[in-house]
Amino acid sequence: MAALRSRVAAAAAARYPEIFAPKRLRIGERGVLTVRLTRTELAASVAPAYLPAAECFEIRLHAPGFAVEGDPARTLEAAPDAESEPPPAARGRPIRPA
């Protein structure tokens, strides 16, 4: 069992999701939401995610109060030893609370 845990831990790498979005938008304005994965923690990073050593990940963009234009699913490419490139971006607009 310990050998299996060791292999799983070796296959998973810590990635730090970074999410960039406008601080404020008025109703009717459009903005860009950008996401990327980094190997090192930066100021904009959120809690680390331990992901398998894959090169493609599917992410879904969802932000309360923000309507994403088009398909919210995006493909994020990240080599096991590199940052994700290019960062997926989505245009969207704020929506009124229900």
Side-chain angles (χ1 to χ4, degrees):
M1 187 67 143
L4 178 59
R5 283 190 192 133
S6 174
R7 285 194 303 174
V8 169
R15 296 293 186 134
Y16 296 89
E18 290 188 321
I19 303 165
F20 299 95
K23 290 190 186 277
R24 292 183 184 197
L25 287 174
R26 292 188 177 121
I27 299 296
E29 286 183 321
R30 288 175 37 183
V32 176
L33 178 66
T34 305
V35 179
R36 72 180 198 149
L37 293 174
T38 65
R39 301 277 299 159
T40 56
E41 187 173 10
L42 301 172
S45 299
V46 294
Y50 293 91
L51 303 171
E55 293 196 17
C56 286
F57 301 94
E58 183 178 307
I59 61 169
R60 239 173 225 291
L61 302 173
H62 171 77
F66 190 83
V68 175
E69 295 177 356
D71 188 358
R74 301 285 195 276
T75 300
L76 184 63
E77 295 182 22
D81 59 347
E83 313 288 303
S84 62
E85 289 297 332
R91 290 198 178 276
R93 57 184 171 71
I95 55 175
R96 294 179 199 267

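Position 1 is the first residue of the sequence; numbering continues from there.
- Under the 4.5 Å side-chain contact rule for hydrophobic residues, V32 and L61 do not share a cluster.
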For the pair I59 and V35, evaluate side chain to side chain contact (heavy atoms under 4.5 Å, CB included) and give the outcome as yes or no after the intermediate values. CA-CA 9 Å; I59 61 169; V35 179; 4.0 Å; yes

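- The environment of CZ in R74 is crowded: more than 12 heavy-atom neighbours from other residues, nucleotides or ligands sit within 6.0 Å.
- By the salt bridge (charged side-chain N to carboxylate O under 4.0 Å, His left out) test, R30 is found to be paired with E69, residues two or more places apart in sequence or in another chain being considered.
- By the 4.5 Å heavy-atom criterion applied to side chains, L37 and L76 are counted as neighbours.
- Taking the salt bridge (charged side-chain N to carboxylate O under 4.0 Å, His left out) definition, one finds that E29 meets it with nothing, sequence neighbours left out.
- Once rounded to the nearest 0.5 Å, the distance linking CD1 of I27 with CZ of R93 reads 8.5 Å.
- Residues satisfying the side-chain contact (heavy atoms from CB on, under 4.5 Å) criterion with A73, sequence neighbours excluded, are E58, R60, D71.
- Considering only heavy atoms from C-beta on, F66 comes within 4.5 Å of L33 through its side chain.
- Residue E77 holds its CD atom at 11.0 Å from CZ of F57, rounded to the nearest 0.5 Å.
- Considering every non-hydrogen atom in both G31 and P22, the closest pair reads CA-CG, 4.1 Å.
- Taking 4.5 Å as the limit, every side-chain heavy atom of T38 sits out of range of all side-chain heavy atoms of R15.
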